[in-house]
Amino acid sequence: MSKRWSLRNIILIALIAIVCGVIFWLTSFIYNALTLILTPIGLAPAANDISLGLWIVAGPLAGAIFKMPGVAIFSEVAGAVVEMFLGDQWGVMNVVSGLIQGAGAELGFAVTGYKKYGHFQLLMGAIFTTLITFTWDWFKNGYSSYGAGLLIFLFIVRFISVWIFSDPIPMAINKLLKRSRAIA
Amino acid sequence: MNAAIKLFMVIVIGVEISFIQSVPLNLCILAVSCCYLLIKRVSIKSLLYLIIYPIIPATGLLVSQLFYGIQGPIIGWVLFTRLFAYVWLGATFTMTTNIKDLAFTLEQNFRLPSKFAYGVLTAFNLVPRIITEVQTIRHASLMRGVTMQLWSPKLYFKAILAAINWSSDLSQAMISHGFVEDAPRTHVEKTTIRWSDFAIFAFWLILVQVPIFVF
């Protein structure tokens with residue numbers, strides 16, 4: 001697979017983002033079910049933090065497959081635009097979320113100057129994504145008015161979810177693709 | 001109104017209400033968005049969907065603030081109305097504009113390289129097939145007695161294999177129909193940006209600030 005922004009690669013990156021979105025969408029009842037279960041005990045935001053990993057999988061995955069600067073953020077934004085037109089829960093704010101989540105994964109690759117696309121970069125991406133999205137929720141979802149205990153709990157839950165979908169899962173998919181010689 | 005400017009305007013307002021804790025502001029945005037959608041004759045079914053869909057997450061946020069919020073119940077109501085404002089505000093864009101208009105104006109007026117505009121547009125048109133493909137993969141594995149969870153790498157792997165084939169086919173089809181990467185293009189449908197687009201943009205942006213100072 002050539003490492004450049006060819007028409008084929010652009011279509012493929014957008015398709016990978018949509019595949020991730022579709023897999024999440026097909027099981028989005030999980031998000032609503034979790035919210036319903038957690039609402040009576042006042043922990044509905046935890047549903048958001050538990051499932052966040054599924055939202056962000058496209059960025060690290062596309063980055064690990066294509067190994068080019070800008071791929072992670074492009075895949076997240078392209079996926080967000082498509083989901084916006086499909087009529088998803090968050091509408092236009094999807095684009096903002098896509099930008100923010102893509103930026104996290106992108107920064108992970110950027111810290112080592114886009115030279116390597118391994119576990120360390122994906123871990124860094126997970127840390128950045130957690131920090132950036134948590135800051136965003138600090139304002140957007142009212143996290144600023146929770147007590148310290150709940151915040152620490154939500155932060156840890158979010159990091160675990162983001163890390164699992166940023167590092168082990170994209171790497172496993174990448175390995176399967178390499179073994180099948182679908183990518184070099 | 002120009003699709004890209006409209007999207008930008010809606011995003012700016014959306015980001016602004018994320019930082020301002022005001023129930024009246026959210027309600028004003030909700031009311032204006034509702035009127036706009038009614039004028040644009042959006043179907044009643046879609047409007048009902050817009051009312052029902054945000055209820056679960058909005059209630060979740062509200063209850064959580066009532067239980068654990070340290071700033072009182074008002075924040076809960078801000079978040080509750082904000083979520084509805086996001087969804088209705090977003091609908092003023094998504095229910096009145098299509099992805100083609102957005103792609104064309106980004107390419108023609110905002111210098112987005114045509115391969116990006118048409119590449120994403122191509123992928124968008126494949127969404128129904130992707131949904132079928134993912135369902136087929138899950139059903140095929142169910143027939144072998146294997147449940148594919150949404151975190152299963154094999155599910156993504158199989159779907160991406162299909163995507164790799166489709167992307168080659170699609171790009172070849174586009175090239176054989178005369179699409180040349182990075183070459184200047186002529187357009188049948190020309191999109192333009194008028195001064196009125198900027199005027200409407202400024203008008204709504206200023207109007208959004210009014211409730212902040214009034215209430």
Side-chain angles (χ1 to χ4, degrees), chain A residues 5-12 14-16 18-20 22-24 26-27 30 32 35-36 38-45 47 54 57 61 65 78 81-82 84-87 89-96 136 139-142 145-147 150 164-165 169 172-173 176-177 180 182-183, chain B residues 7 10-11 14-15 18-19 53-54 56-57 59-61 63-71 75 78-79 86-87 89-91 93-94 98-99 102 115-116 119-120 122-124 126-127 130-131 134-135 150-151 153-157 159-161 163-164 166-168 170-171 174-175 179 181:
Chain A
W5 290 100
S6 62
L7 177 66
R8 175 180 176 266
N9 284 354
I10 290 168
I11 297 176
L12 182 53
L15 283 178
I16 289 173
I18 298 171
V19 163
C20 296
V22 165
I23 291 175
F24 181 67
L26 280 177
T27 44
I30 288 182
N32 281 332
T35 311
L36 272 178
L38 294 170
T39 295
I41 50 167
L43 282 177
L54 287 158
V57 67
L61 179 59
I65 292 175
V81 169
V82 169
M84 171 177 83
F85 281 102
L86 291 178
Q89 197 156 348
W90 305 102
V92 170
M93 294 312 280
N94 235 329
V95 180
V96 180
W136 176 228
F139 299 103
K140 184 183 157 222
N141 283 334
S145 49
Y146 290 134
L150 183 61
I164 289 174
F165 284 91
I169 291 183
I173 299 167
L176 285 170
L177 285 168
S180 71
I183 58 169
Chain B
L7 176 63
V10 173
I11 288 177
V15 170
S18 307
F19 291 97
Y53 210 73
I56 295 176
T59 313
L61 283 171
V63 173
S64 177
Q65 285 292 336
L66 294 179
F67 275 40
Y68 296 104
I70 46 175
Q71 290 173 35
I75 302 294
V78 168
L79 294 176
Y86 281 147
V87 173
L89 183 67
F93 176 76
T94 50
N98 63 51
I99 195 168
L102 182 65
K115 55 186 178 183
F116 285 93
V120 176
T122 312
F124 176 80
L126 222 64
V127 167
I130 299 174
I131 294 174
V134 172
Q135 276 168 338
L150 67 160
W151 51 82
K154 274 189 186 153
L155 176 59
Y156 291 86
F157 163 68
I160 290 172
L161 274 189
I164 289 174
W166 290 336
S167 66
S168 302
L170 282 169
S171 60
M174 283 169 76
I175 290 162
F179 186 92
E181 280 178 43

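So that the names make sense, note that chain A is the first sequence line, chain B the second, and so on, each numbered from 1.
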Partner of B:Ile164 by side chain to side chain contact (heavy atoms under 4.5 Å, CB included), out of A:Ile65, A:Leu12, A:Leu15: A:Leu12
Contact class of B:Ala91 relative to chain A, heavy atoms under 4.5 angstrom: neither
Chain A interface, residue from B:Phe179, B:Phe124, B:Phe116 that has the most non-hydrogen pairs under 4.5 Å: B:Phe116
Contact origin within A:Val19 toward chain B - heavy atom pairs under 4.5 Å: both
Between A:Thr39, A:Leu176, A:Thr35, the one whose heavy-atom pairs under 4.5 Å with chain B are most numerous: A:Leu176
Heavy-atom closest contact (B:Lys115 atom, A:Leu7 atom, distance): O-CD1, 3.8 Å
Heavy-atom contact with chain A under 4.5 Å, split by part of B:Ile75: side chain
Value rounded to 0.5 Å, distance of CD1 in B:Ile160 from CD1 in A:Ile16: 5.0 Å
Atom pair CZ (A:Arg8) and CE (B:Met174), whose distance is rounded to the nearest 0.5 Å: 14.0 Å
A:Ile10 CD1 to B:Ser167 OG distance, which is reported to the nearest 0.5 Å: 11.5 Å
Segment of A:Ser6 engaging chain B (4.5 angstrom heavy-atom cut-off): both
Check: A:Tyr146 and B:Ser64 side chains under 4.5 Å, non-hydrogen atoms: yes
When B:Phe93, B:Trp151, B:Phe157, B:Phe19 are compared by non-hydrogen pairs under 4.5 Å with chain A, the top option: B:Phe157
Contacting moiety of B:Val78, where chain A heavy atoms sit under 4.5 Å: neither
Which portion of A:Ile11 sits near chain B, non-hydrogen atoms under 4.5 angstrom: both
Contacting moiety of B:Ile131, where chain A heavy atoms sit under 4.5 Å: both
Option in A:Pro40, A:Gly142, A:Ala14, A:Ala78 with maximal non-hydrogen atom pairs under 4.5 Å from chain B: A:Gly142
Option that, when pairs with chain A are counted at under 4.5 Å, heavy atom only, ranks first among B:Gly69, B:Ser168, B:Ala159, B:Gly14: B:Ser168
Which of A:Phe139, A:Phe165, A:Trp136 touches chain B most, by non-hydrogen pairs under 4.5 Å: A:Phe139
Contacting moiety of B:Thr122, where chain A heavy atoms sit under 4.5 Å: side chain
Note, A:Ile18 side chain near B:Leu126 side chain (heavy atom, < 4.5 Å): no
Max heavy-atom pair count under 4.5 Å with chain A, selected residue of B:Leu66, B:Asn98, B:Thr59, B:Leu89: B:Asn98
Rounded distance [0.5 Å steps], CD1 in A:Ile23 versus CG in B:Leu155: 4.0 Å
Region of B:Leu102 in contact with chain A, defined by heavy-atom distances below 4.5 Å: side chain
Min side-chain heavy-atom separation A:Ser180-B:Leu161 under 4.5 Å: yes
Inter-residue atom distance B:Leu79.CG - A:Ser145.OG, 0.5 Å rounding: 6.5 Å
Part of A:Leu38 lying under 4.5 Å from any heavy atom of chain B: neither
Pairwise distance CG(A:Leu54) to CD1(A:Ile169) - rounded to 0.5 angstrom: 7.5 Å
Atom group of B:Ile70 that falls short of 4.5 Å from chain A, counting heavy atoms: both
